[in-house]
Amino acid sequence: MTQDVKINRGLKGVYFERSAVSDIDGAKGELTYRGYSIHDLATQSTFEEVCYLLIHGELPDSAQLAEFDGKLRQARHLPPAIHDIIAACKDGHPMDVLRTAVSALATMEPDSQQVGEDAFVENGTRLISQVPMIIAAHEAIRNGRTPTAPDMDLTHAANWLWMLKGEKPSDEAARLADVDFILHAEHGSNASSFAARVTIGTETNLHGAIVTALSTLAGPAHGGAAEDVMKMVHEIGKPEKAAEYVKAKRAAREAVTGFGHRVYRKEDPRARHMREGVRQLGEEMGAPEWYEILQAVVEAMKPYARHGLNVNVDFYSGVIYQLHGIPMDLYVPIFAIGRMPGWIIQCLEQQRGNILIRPLTLYNGPEPRAYVSIGDR
Ligand SMILES: CC(=O)SCCNC(=O)CCNC(=O)[C@H](O)C(C)(C)COP(=O)(O)OP(=O)(O)OC[C@H]1O[C@@H](n2cnc3c(N)ncnc32)[C@H](O)[C@@H]1OP(=O)(O)O
Ligand SMILES: O=C([O-])CC(=O)C(=O)O
């Protein structure tokens with residue numbers, strides 16, 4: 001059956017809901033969380049404050065922030081069985097391990113099956129702290145180390161680096177991780193948040209929706225881009241080779257990773273902060289070549305910028321992680337640490353006045369026909 005209906009493949013340009021959380025102006029290249037510019041938040045706020053802003057709707061005062069931060073710190077705890085589960089699948093990709101561990105947590109937390117505002121805030125706040133613990137524990141276990149116990153005196157970002165490496169990070173390294181989390185915290189109806197909303201639309205629990213979101217984030221067209229950018233940088237090897245690489249990609253009509261976005265037609269406003277981070281860190285660490293290769297790719301892609309093709313947030317982030325000595329397969333999990341509050345608030349918004357998300361596909365298969373028994377086929 002065919003009908004003369006308009007099909008929006010990939011739901012391009014379709015509004016399916018209202019949201020009071022973040023606003024993306026793709027034409028201008030602007031992003032706000034709850035009305036606050038991403039540039040102000042990246043330079044003046046902290047990830048803890050941004051989590052509160054996203055989940056509770058307003059910037060916290062000192063007492064509110066202290067209480068919220070206290071809850072996050074108290075939640076730095078994993079049931080011991082999670083370490084056993086991580087050990088059993090330690091050779092898998094960290095995103096698969098993370099997803100499996102979050103799924104297992106749903107069977108171990110007494111209130112994980114509950115649905116609704118309070119349950120989502122409770123479970124979500126706990127998961128913000130547990131996700132980096134799982135990633136760090138996996139990194140330790142797969143390298144034959146005992147997972148580093150969390151340090152309750154450190155901020156979320158500093159504690160993550162401490163658990164990951166087993167050594168106290170410098171203030172600069174902790175701040176760079178903090179800014180990275182702020183920039184990744186929320187982005188409207190991106191693929192993983194949309195997928196989480198679809199899950200919540202069936203009235204299931206938050207852990208289930210986070211598992212959906214993690215699965216959806218993992219692909220190279222979404223959160224996996226940072227890992228692919230780093231692979232590209234290694235393949236290019238030196239700045240002089242960038243133009244040749246881009247030319248070959250364009251000739252093969254293949255995507256140059258770290259470029260392009262469904263919504264932005266100007267440069268992704270988050271990229272600016274990551275670019276500055278790569279440049280500074282590269283100079284400080286005596287390794288400016290990564291920045292130079294990236295900028296040579298940007299130069300080679302300039303002819304396409306007029307068609308709206310610019311760098312996205314993940315173009316620069318991989319090199320920052322590489323300069324910090326973080327393995328490439330942890331880049332997507334790091335994105336997940338940052339995106340936790342965004343997923344949680346999107347799930348909260350969905351369950352307020354919930355509606356099942358269920359679009360239509362237009363059938364274009366065979367006409368109705370008679371069943372043929374197997375001996376006659
Ligand atoms: C955090 C994030 O998720 S940000 C995105 C991370 N992903 C990446 O960096 C992967 C590379 N980028 C891409 O694959 C795409 O740009 C996506 C998937 C992000 C967005 O895709 P869409 O919104 O579907 O864009 P679409 O595919 O319609 O692109 C429009 C045009 O730009 C081209 N284009 C889009 N991205 C790229 C790219 N990275 N390199 C080269 N050309 C590209 C397309 O080929 C298309 O050209 P055409 O009209 O001549 O066919
Ligand atoms: O919004 C999108 O489509 C992808 C993105 O940049 C994000 O999730 O941060």
Side-chain angles (χ1 to χ4, degrees), residues 8-16 19 21-27 29-33 38 41-42 50 54 95 180-197 212-233 242-243 245-274 294 297-298 300-319 321 331-346:
N8 290 292
R9 291 196 66 236
L11 300 181
K12 276 190 185 188
V14 172
Y15 289 91
F16 79 99
S19 172
V21 187
S22 61
D23 189 23
I24 307 167
D25 187 328
E30 289 173 1
L31 170 64
T32 55
Y33 296 168
I38 191 66
L41 295 170
V50 166
L54 290 171
M95 274 311 267
D180 181 271
F181 295 157
I182 293 170
L183 295 172
H184 284 92
E186 155 63 22
H187 215 243
S189 188
N190 60 86
S192 54
S193 299
F194 179 71
R197 274 183 177 261
T212 302
L214 288 166
S215 307
T216 312
L217 181 72
H222 190 12
E227 188 176 330
D228 273 8
V229 170
M230 208 54 238
K231 287 179 187 154
M232 170 180 79
V233 168
Y245 175 92
V246 167
K247 203 172 155 200
K249 281 277 175 193
R250 297 300 304 182
R253 299 193 65 80
E254 284 174 20
V256 176
T257 189
F259 278 80
H261 198 277
R262 177 57 64 82
V263 186
Y264 291 119
R265 287 296 159 264
K266 285 263 170 59
E267 184 182 277
D268 181 332
R270 301 166 295 180
R272 175 197 307 182
H273 301 275
M274 305 305 286
L294 289 175
V297 174
V298 172
M301 286 292 283
K302 271 201 174 138
Y304 311 103
R306 67 174 179 278
H307 304 301
L309 206 50
N310 290 287
V311 291
N312 59 52
V313 64
D314 277 339
F315 187 69
Y316 293 99
S317 49
V319 170
Y321 309 147
Y331 297 177
V332 201
I334 295 173
F335 190 148
I337 300 176
R339 185 50 56 90
M340 284 304 297
W343 288 332
I344 293 160
I345 185 57
Q346 294 288 335

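Atoms considered below: every heavy atom in the structure, side chains included; atoms not considered: hydrogens, waters and symmetry mates. Counting convention: from 1, in listed order, for ligands and their atoms alike.
Within the listing of ligand 2, atoms 5 (C), 6 (O), 7 (C), 9 (O) sit less than 4.0 angstrom from a heavy atom of Arg270. Proximity to His261 (heavy-atom distance under 4.0 Å) selects the following atoms of ligand 1: 4 (S), 16 (O).
For the residue pair Asn310 and His261, no side-chain donor N or O sits within less than 3.5 Å of a side-chain acceptor on the partner.
Distances between N or O atoms of Arg250 and those of ligand 1 include at least one value under 3.5 Å. Checking only distances, Glu254 never comes within under 3.5 Å of ligand 1, N or O to N or O.
Between Val229 and Tyr331 there is no side-chain heavy-atom pair separated by less than 4.5 Å. Put simply, the side chain of Phe16 reaches to within 4.5 Å of the side chain of Arg197, judged on heavy atoms.
Of all protein heavy atoms, the one closest to atom 10 (C) of ligand 1 is Pro220 O, 3.7 Å. When only non-hydrogen protein atoms are considered, atom 37 (C) of ligand 1 lies nearest to Leu309 CD1, 3.5 Å.
Counting heavy atoms under 4.0 Å from ligand 1, residue Asp314 touches it through the side chain alone. Proximity of Arg253 to ligand 1, defined as any heavy-atom pair under 4.0 Å, is confined to the side chain (atoms from C-beta onward). Contacts between Ala225 and ligand 1, counted as non-hydrogen atom pairs separated by less than 4.0 Å, involve the side chain only. For Phe335, every heavy-atom contact with ligand 1 shorter than 4.0 Å involves the side chain, none the backbone.
Ligand 2 lies less than 4.0 angstrom from a heavy atom belonging to His261.
Around atom 16 (O) of ligand 1, the closest heavy atom drawn from Ala226, Gly260, Ala255 belongs to Gly260.
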### Message
Evaluate Val311 against Tyr316 for side chain to side chain contact (heavy atoms under 4.5 Å, CB included), listing each step before the verdict.
### Response
CA-CA 9 Å; Val311 291; Tyr316 293 99; 4.1 Å; yes

